[in-house]
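Scroll down for the structure; my scribbles are underneath it.
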Number of protein chains: 2
Amino acid sequence: MKKRTFTVCPIVYALDIWGDPWSLVILRDVLIHNKRYYREFLASRENISTNILSARLLSLVEAGLLVKIEGETNRAQTMYRPTQKALDLLPVVFAIMHWGLKYNPNTDMGIPIMQELRTNEKGLAQRLLQNFDDITSE
Amino acid sequence: MKKRTFTVCPIVYALDIWGDPWSLVILRDVLIHNKRYYREFLASRENISTNILSARLLSLVEAGLLVKIEGETNRAQTMYRPTQKALDLLPVVFAIMHWGLKYNPNTDMGIPIMQELRTNEKGLAQRLLQNFDDITSE
DNA sequence: GTCAGTGCTTGCATTTTGCAAGTACAAACT
DNA sequence: AGTTTGTACTTGCAAAATGCAAGCACTGAC
(Lines give C-alpha, C1' and ligand atoms only; values in the text may rest on other atoms or scores of the structure.)
Protein backbone atom coordinates (compact mmCIF):
# COMPACT_ATOMS: atom_id res chain seq x y z
CA MET A 1 0.00 0.00 0.00
CA LYS A 2 1.49 3.31 -0.89
CA LYS A 3 1.41 5.60 2.08
CA ARG A 4 -1.45 8.03 2.16
CA THR A 5 -0.74 11.11 4.16
CA PHE A 6 -4.44 11.76 4.01
CA THR A 7 -6.81 9.04 4.96
CA VAL A 8 -10.11 9.58 6.68
CA CYS A 9 -10.09 6.07 8.15
CA PRO A 10 -8.40 5.56 11.51
CA ILE A 11 -7.58 1.97 10.65
CA VAL A 12 -5.80 2.85 7.43
CA TYR A 13 -3.95 5.59 9.27
CA ALA A 14 -2.74 3.03 11.77
CA LEU A 15 -1.81 0.49 9.09
CA ASP A 16 0.20 3.08 7.21
CA ILE A 17 2.35 3.56 10.29
CA TRP A 18 2.81 0.07 11.68
CA GLY A 19 0.88 -2.20 9.31
CA ASP A 20 3.92 -3.92 7.90
CA PRO A 21 4.91 -7.33 9.23
CA TRP A 22 7.77 -6.11 11.42
CA SER A 23 6.91 -2.86 13.16
CA LEU A 24 4.57 -4.48 15.63
CA VAL A 25 7.18 -7.05 16.55
CA ILE A 26 9.54 -4.23 17.47
CA LEU A 27 6.80 -2.41 19.37
CA ARG A 28 5.97 -5.62 21.21
CA ASP A 29 9.59 -5.85 22.29
CA VAL A 30 9.59 -2.25 23.43
CA LEU A 31 6.27 -2.27 25.24
CA ILE A 32 6.11 -5.77 26.63
CA HIS A 33 9.70 -6.83 27.00
CA ASN A 34 11.14 -3.42 27.72
CA LYS A 35 13.83 -3.72 25.10
CA ARG A 36 15.67 -0.63 24.01
CA TYR A 37 18.91 -1.53 22.22
CA TYR A 38 19.42 -2.51 18.58
CA ARG A 39 21.13 -5.69 19.73
CA GLU A 40 18.14 -6.61 21.88
CA PHE A 41 15.71 -6.32 18.95
CA LEU A 42 18.05 -8.41 16.81
CA ALA A 43 18.06 -11.11 19.46
CA SER A 44 14.31 -11.77 19.20
CA ARG A 45 13.16 -15.19 18.16
CA GLU A 46 11.85 -13.83 14.89
CA ASN A 47 15.31 -13.21 13.45
CA ILE A 48 14.71 -9.86 11.88
CA SER A 49 17.53 -8.95 9.53
CA THR A 50 19.69 -5.96 10.21
CA ASN A 51 18.70 -3.85 7.23
CA ILE A 52 15.01 -4.26 7.94
CA LEU A 53 15.49 -3.54 11.61
CA SER A 54 17.26 -0.27 10.97
CA ALA A 55 14.70 0.71 8.31
CA ARG A 56 11.79 0.00 10.67
CA LEU A 57 13.41 1.79 13.59
CA LEU A 58 13.89 4.83 11.38
CA SER A 59 10.30 4.82 10.15
CA LEU A 60 8.95 4.40 13.66
CA VAL A 61 11.04 7.34 14.79
CA GLU A 62 9.75 9.37 11.85
CA ALA A 63 6.19 8.39 12.69
CA GLY A 64 6.67 9.64 16.23
CA LEU A 65 6.36 6.26 17.95
CA LEU A 66 9.95 5.90 19.06
CA VAL A 67 12.65 8.32 20.09
CA LYS A 68 16.28 7.61 19.34
CA ILE A 69 18.59 8.56 22.17
CA GLU A 70 22.20 8.51 21.10
CA GLY A 71 25.07 7.89 23.48
CA GLU A 72 27.74 10.51 24.03
CA THR A 73 30.77 8.57 22.89
CA ASN A 74 29.59 5.07 22.17
CA ARG A 75 27.05 3.91 19.61
CA ALA A 76 26.38 0.90 21.77
CA GLN A 77 24.62 3.22 24.15
CA THR A 78 22.06 4.29 21.57
CA MET A 79 18.56 3.56 22.83
CA TYR A 80 15.11 3.52 21.31
CA ARG A 81 12.30 4.46 23.66
CA PRO A 82 8.55 4.76 23.08
CA THR A 83 6.59 7.98 22.97
CA GLN A 84 3.12 8.36 24.43
CA LYS A 85 1.82 7.57 20.95
CA ALA A 86 3.46 4.16 21.19
CA LEU A 87 2.34 3.60 24.76
CA ASP A 88 -1.22 4.15 23.58
CA LEU A 89 -0.79 1.08 21.40
CA LEU A 90 -0.72 -1.16 24.45
CA PRO A 91 -4.47 -1.88 24.25
CA VAL A 92 -4.02 -2.82 20.60
CA VAL A 93 -1.17 -5.15 21.46
CA PHE A 94 -3.21 -6.69 24.24
CA ALA A 95 -6.21 -7.22 21.98
CA ILE A 96 -4.04 -8.93 19.41
CA MET A 97 -2.49 -11.12 22.08
CA HIS A 98 -5.91 -12.20 23.31
CA TRP A 99 -6.85 -13.20 19.80
CA GLY A 100 -3.57 -14.99 19.19
CA LEU A 101 -3.87 -16.78 22.50
CA LYS A 102 -7.26 -18.10 21.50
CA TYR A 103 -6.26 -19.35 18.07
CA ASN A 104 -2.54 -20.12 18.10
CA PRO A 105 -2.16 -23.63 19.49
CA ASN A 106 1.60 -23.17 19.69
CA THR A 107 1.58 -20.18 22.00
CA ASP A 108 4.25 -20.54 24.64
CA MET A 109 2.39 -20.05 27.87
CA GLY A 110 5.76 -19.97 29.57
CA ILE A 111 6.34 -16.44 28.28
CA PRO A 112 5.96 -14.51 31.54
CA ILE A 113 3.16 -12.23 30.53
CA MET A 114 0.77 -14.73 28.99
CA GLN A 115 -0.90 -16.01 32.13
CA GLU A 116 -1.22 -12.55 33.57
CA LEU A 117 -2.82 -11.17 30.43
CA ARG A 118 -5.78 -13.41 31.07
CA THR A 119 -6.04 -13.13 34.80
CA ASN A 120 -5.05 -9.54 35.48
CA GLU A 121 -4.80 -7.44 32.36
CA LYS A 122 -5.20 -4.12 34.13
CA GLY A 123 -2.50 -4.85 36.65
CA LEU A 124 -0.22 -6.01 33.86
CA ALA A 125 -0.79 -2.81 31.93
CA GLN A 126 -0.03 -0.70 34.97
CA ARG A 127 3.15 -2.59 35.70
CA LEU A 128 4.40 -2.39 32.14
CA LEU A 129 3.68 1.32 31.95
CA GLN A 130 5.79 1.87 35.04
CA ASN A 131 8.80 1.14 32.85
CA PHE A 132 8.02 4.43 31.12
CA ASP A 133 7.23 6.70 34.01
CA ASP A 134 9.66 9.26 32.69
CA ILE A 135 7.67 9.47 29.44
CA THR A 136 4.17 9.57 30.87
CA SER A 137 4.99 12.17 33.49
CA GLU A 138 6.28 14.70 30.99
CA MET B 1 8.15 -11.88 6.86
CA LYS B 2 8.08 -15.41 5.60
CA LYS B 3 5.21 -17.29 7.14
CA ARG B 4 6.05 -19.39 10.13
CA THR B 5 3.68 -22.22 10.71
CA PHE B 6 5.18 -22.48 14.14
CA THR B 7 5.50 -19.42 16.27
CA VAL B 8 5.15 -19.38 20.00
CA CYS B 9 4.16 -15.71 20.02
CA PRO B 10 0.47 -14.88 19.67
CA ILE B 11 1.29 -11.55 18.04
CA VAL B 12 3.47 -13.07 15.34
CA TYR B 13 0.79 -15.68 14.76
CA ALA B 14 -1.71 -12.90 14.18
CA LEU B 15 0.62 -10.90 11.97
CA ASP B 16 1.29 -13.93 9.80
CA ILE B 17 -2.41 -14.14 9.06
CA TRP B 18 -3.52 -10.56 8.62
CA GLY B 19 -0.36 -8.49 9.15
CA ASP B 20 -0.07 -7.31 5.57
CA PRO B 21 -1.33 -3.87 4.65
CA TRP B 22 -4.60 -5.01 3.04
CA SER B 23 -6.18 -7.86 4.98
CA LEU B 24 -7.35 -5.66 7.81
CA VAL B 25 -8.96 -3.25 5.37
CA ILE B 26 -11.01 -6.12 4.00
CA LEU B 27 -11.85 -7.35 7.49
CA ARG B 28 -12.88 -3.83 8.46
CA ASP B 29 -15.28 -3.81 5.53
CA VAL B 30 -16.67 -7.18 6.48
CA LEU B 31 -17.03 -6.57 10.20
CA ILE B 32 -17.87 -2.90 10.35
CA HIS B 33 -19.53 -2.14 7.06
CA ASN B 34 -21.10 -5.53 6.52
CA LYS B 35 -19.72 -5.90 3.03
CA ARG B 36 -19.78 -9.27 1.38
CA TYR B 37 -19.32 -8.96 -2.37
CA TYR B 38 -16.11 -8.59 -4.37
CA ARG B 39 -17.51 -5.46 -5.97
CA GLU B 40 -18.18 -3.95 -2.55
CA PHE B 41 -14.59 -4.45 -1.42
CA LEU B 42 -13.35 -2.95 -4.66
CA ALA B 43 -15.49 0.12 -4.08
CA SER B 44 -13.71 1.08 -0.85
CA ARG B 45 -11.95 4.39 -0.70
CA GLU B 46 -8.58 2.70 -0.53
CA ASN B 47 -8.68 1.53 -4.16
CA ILE B 48 -7.36 -1.94 -3.70
CA SER B 49 -6.44 -3.48 -7.03
CA THR B 50 -8.23 -6.53 -8.30
CA ASN B 51 -5.34 -8.97 -8.21
CA ILE B 52 -4.47 -8.07 -4.64
CA LEU B 53 -8.08 -8.28 -3.56
CA SER B 54 -8.50 -11.76 -4.90
CA ALA B 55 -5.17 -12.86 -3.43
CA ARG B 56 -6.12 -11.52 0.01
CA LEU B 57 -9.61 -13.00 -0.09
CA LEU B 58 -8.08 -16.36 -0.92
CA SER B 59 -5.54 -16.19 1.88
CA LEU B 60 -8.18 -15.11 4.39
CA VAL B 61 -10.33 -18.05 3.36
CA GLU B 62 -7.34 -20.37 3.71
CA ALA B 63 -6.60 -18.92 7.14
CA GLY B 64 -10.16 -19.66 8.22
CA LEU B 65 -11.26 -16.06 8.66
CA LEU B 66 -13.65 -15.89 5.73
CA VAL B 67 -15.91 -18.35 4.00
CA LYS B 68 -16.59 -18.13 0.30
CA ILE B 69 -20.19 -18.87 -0.60
CA GLU B 70 -20.63 -19.33 -4.30
CA GLY B 71 -23.89 -18.62 -6.10
CA GLU B 72 -25.70 -21.39 -7.91
CA THR B 73 -25.71 -19.95 -11.40
CA ASN B 74 -24.24 -16.49 -11.11
CA ARG B 75 -20.78 -15.50 -9.95
CA ALA B 76 -22.18 -12.13 -8.97
CA GLN B 77 -23.87 -13.88 -6.10
CA THR B 78 -20.59 -15.08 -4.61
CA MET B 79 -20.26 -13.84 -1.06
CA TYR B 80 -17.50 -13.70 1.52
CA ARG B 81 -18.63 -13.99 5.11
CA PRO B 82 -16.66 -14.01 8.35
CA THR B 83 -16.12 -17.01 10.59
CA GLN B 84 -16.11 -16.83 14.37
CA LYS B 85 -12.34 -16.44 14.13
CA ALA B 86 -12.87 -13.21 12.22
CA LEU B 87 -15.64 -12.02 14.50
CA ASP B 88 -13.22 -12.38 17.39
CA LEU B 89 -11.10 -9.74 15.73
CA LEU B 90 -13.67 -7.08 16.47
CA PRO B 91 -11.95 -6.04 19.72
CA VAL B 92 -8.70 -5.70 17.80
CA VAL B 93 -10.37 -3.56 15.16
CA PHE B 94 -11.97 -1.42 17.85
CA ALA B 95 -8.67 -0.95 19.65
CA ILE B 96 -7.00 0.13 16.44
CA MET B 97 -9.84 2.53 15.70
CA HIS B 98 -9.52 4.11 19.12
CA TRP B 99 -5.85 4.68 18.52
CA GLY B 100 -6.39 6.01 15.02
CA LEU B 101 -9.12 8.30 16.26
CA LYS B 102 -6.75 9.77 18.78
CA TYR B 103 -3.88 10.40 16.41
CA ASN B 104 -5.27 10.80 12.89
CA PRO B 105 -6.35 14.41 12.54
CA ASN B 106 -8.06 13.62 9.24
CA THR B 107 -10.45 11.02 10.58
CA ASP B 108 -13.87 11.51 9.08
CA MET B 109 -16.15 11.71 12.06
CA GLY B 110 -19.05 11.55 9.63
CA ILE B 111 -18.44 7.84 9.16
CA PRO B 112 -21.46 6.47 11.02
CA ILE B 113 -19.68 4.33 13.55
CA MET B 114 -17.08 6.81 14.77
CA GLN B 115 -19.16 8.70 17.30
CA GLU B 116 -20.70 5.55 18.64
CA LEU B 117 -17.35 3.87 19.14
CA ARG B 118 -16.55 6.48 21.75
CA THR B 119 -19.90 6.78 23.43
CA ASN B 120 -21.25 3.26 23.31
CA GLU B 121 -18.71 0.69 22.24
CA LYS B 122 -20.51 -2.27 23.78
CA GLY B 123 -23.79 -1.43 22.12
CA LEU B 124 -22.01 -0.94 18.83
CA ALA B 125 -20.34 -4.33 19.10
CA GLN B 126 -23.62 -6.02 19.85
CA ARG B 127 -25.35 -4.35 16.93
CA LEU B 128 -22.59 -5.23 14.49
CA LEU B 129 -22.53 -8.83 15.62
CA GLN B 130 -26.24 -9.12 14.93
CA ASN B 131 -25.32 -9.03 11.25
CA PHE B 132 -23.78 -12.43 11.80
CA ASP B 133 -26.34 -14.16 13.96
CA ASP B 134 -26.33 -17.13 11.60
CA ILE B 135 -22.61 -17.62 12.26
CA THR B 136 -22.53 -17.15 15.99
CA SER B 137 -25.52 -19.40 16.62
CA GLU B 138 -24.00 -22.41 14.90
C1' DG C 1 -27.76 -10.10 -30.32
C1' DT C 2 -25.32 -6.68 -28.41
C1' DC C 3 -23.84 -4.55 -24.24
C1' DA C 4 -22.82 -3.48 -19.56
C1' DG C 5 -21.72 -5.54 -15.08
C1' DT C 6 -19.16 -8.83 -12.40
C1' DG C 7 -15.44 -11.79 -10.69
C1' DC C 8 -11.76 -12.82 -11.60
C1' DT C 9 -6.53 -13.76 -14.22
C1' DT C 10 -2.34 -12.23 -16.64
C1' DG C 11 1.74 -9.32 -17.69
C1' DC C 12 4.93 -6.37 -16.33
C1' DA C 13 7.26 -2.40 -13.88
C1' DT C 14 8.20 -0.88 -9.23
C1' DT C 15 8.84 -1.55 -4.46
C1' DT C 16 9.78 -4.23 -0.39
C1' DT C 17 11.90 -8.07 1.81
C1' DG C 18 15.57 -11.61 2.97
C1' DC C 19 20.09 -12.95 3.26
C1' DA C 20 25.02 -12.41 3.26
C1' DA C 21 28.73 -9.62 3.53
C1' DG C 22 31.19 -5.57 4.66
C1' DT C 23 32.36 -1.12 7.30
C1' DA C 24 33.35 2.02 11.12
C1' DC C 25 34.13 2.73 15.70
C1' DA C 26 34.79 1.86 20.85
C1' DA C 27 36.11 -0.99 24.52
C1' DA C 28 38.51 -5.11 26.13
C1' DC C 29 42.24 -8.23 26.01
C1' DT C 30 47.48 -9.65 25.22
C1' DA D 1 50.71 -0.81 21.07
C1' DG D 2 48.19 -4.02 18.43
C1' DT D 3 44.82 -7.28 17.81
C1' DT D 4 40.40 -9.10 18.75
C1' DT D 5 35.49 -8.64 20.04
C1' DG D 6 31.15 -6.42 20.13
C1' DT D 7 27.96 -3.18 18.27
C1' DA D 8 25.35 -0.39 14.96
C1' DC D 9 24.76 0.02 11.16
C1' DT D 10 25.17 0.05 5.26
C1' DT D 11 25.52 -2.20 0.75
C1' DG D 12 24.51 -5.56 -2.97
C1' DC D 13 21.65 -8.50 -4.97
C1' DA D 14 18.04 -12.19 -5.60
C1' DA D 15 13.29 -13.19 -4.52
C1' DA D 16 8.76 -11.93 -3.32
C1' DA D 17 4.91 -8.69 -2.92
C1' DT D 18 2.52 -4.73 -4.75
C1' DG D 19 0.39 -1.42 -8.27
C1' DC D 20 -1.50 -0.66 -12.54
C1' DA D 21 -3.56 -1.75 -16.88
C1' DA D 22 -5.52 -4.92 -19.73
C1' DG D 23 -7.98 -9.03 -20.86
C1' DC D 24 -11.37 -12.97 -20.28
C1' DA D 25 -15.51 -15.74 -19.30
C1' DC D 26 -19.95 -15.55 -17.89
C1' DT D 27 -24.75 -13.58 -16.78
C1' DG D 28 -28.62 -10.77 -17.05
C1' DA D 29 -30.65 -6.65 -19.15
C1' DC D 30 -31.96 -4.04 -23.27
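Reminder, nothing fancy here: chain letters follow the sequence lines and each chain counts from 1.
In this structure, A/Y80 reaches the sugar-phosphate backbone alone: every heavy-atom distance under 4.0 Å involves primed, P, OP1 or OP2 atoms, never a base.
Considering CG of B/N47 and CD1 of B/I52, their distance stands at 11.5 Å, rounded to 0.5 Å. Atom OG1 in B/T7 sits 10.0 Å away from atom CD1 in B/I11 (nearest 0.5 Å). To the nearest 0.5 Å, atom CG of residue B/L129 and atom CG of residue B/D133 are 8.5 Å apart.
Defined by atom type and a distance below 3.5 Å, a donor-acceptor pair is missing between the side-chain atoms of A/H33 and A/E40. Of the N and O atoms on the side chains of B/R36 and B/N131, not one donor lies less than 3.5 Å from an acceptor on the other residue.
With A/T83 contributing its side chain and A/L66 its backbone, the two residues share no donor-acceptor pair below 3.5 Å.
Residues forming a side-chain contact (heavy atoms from CB on, under 4.5 Å) with B/A55 (at least two apart in sequence, or on another chain): none. A/K85 pairs by the salt bridge (charged side-chain N to carboxylate O under 4.0 Å, His left out) definition with nothing, not counting sequence neighbours. In this view, A/R75 satisfies the side-chain hydrogen bond (donor to acceptor under 3.5 Å, both in side chains) rule with no residue, not counting sequence neighbours. Applying the salt bridge (charged side-chain N to carboxylate O under 4.0 Å, His left out) test to B/E116 and every residue at least two apart in sequence or in another chain returns B/R127. With sequence neighbours left out, the ring pair (Phe, Tyr, Trp, His ring centres under 6.0 Å) criterion links B/Y103 to B/W99.
Residues from residues 32-40 of chain A with heavy atoms under 4.0 angstrom of DNA chain C: there are none. Listed by residue number, the members of residues 19-30 of chain B with any heavy atom below 4.0 angstrom from DNA chain D are B/P21, B/W22. The stretch residues 56-65 of chain A does not touch DNA chain D, since none of its heavy atoms comes less than 4.0 Å from the strand.
Residues B/L60 and B/I26 form a side-chain contact, since some pair of their non-hydrogen atoms from C-beta on lies under 4.5 Å apart. In this structure, B/I96 and A/P10 have side chains that are not in contact, with every pair of non-hydrogen atoms separated by 4.5 Å or more.
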**Request:** Starting at the 5' end of nucleotides 20-29 of chain C, put B wherever the base has a protein heavy atom under 4.0 Å, S where only the sugar-phosphate does, and a dash everywhere else.
**Result:** -B--BBSS--

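Contact footprint of chain B on DNA chain D: nucleotides with an atom under 4.0 Å from a non-hydrogen protein atom, first to last in 5' to 3' order, D/dT18 to D/dG28.
Atom CD1 in B/I52 sits roughly 16 Å away from atom C1' in C/dG7 (whole-Å rounding). For the pair A/I48 CD1 and C/dT17 P, the interatomic distance rounds to 10 Å; values are reported in whole Å.
Note on residues 20-32 of chain A: pairs passing salt bridge (Lys or Arg N to Asp or Glu O under 4.0 Å), not counting sequence neighbours, are A/D20-A/R56, A/R28-A/E46, A/D29-A/K35.
Applying the 4.5 Å side-chain rule to ILVMFWY residues, one finds A/Y37, A/I69, A/M79 in the same cluster as A/V67.
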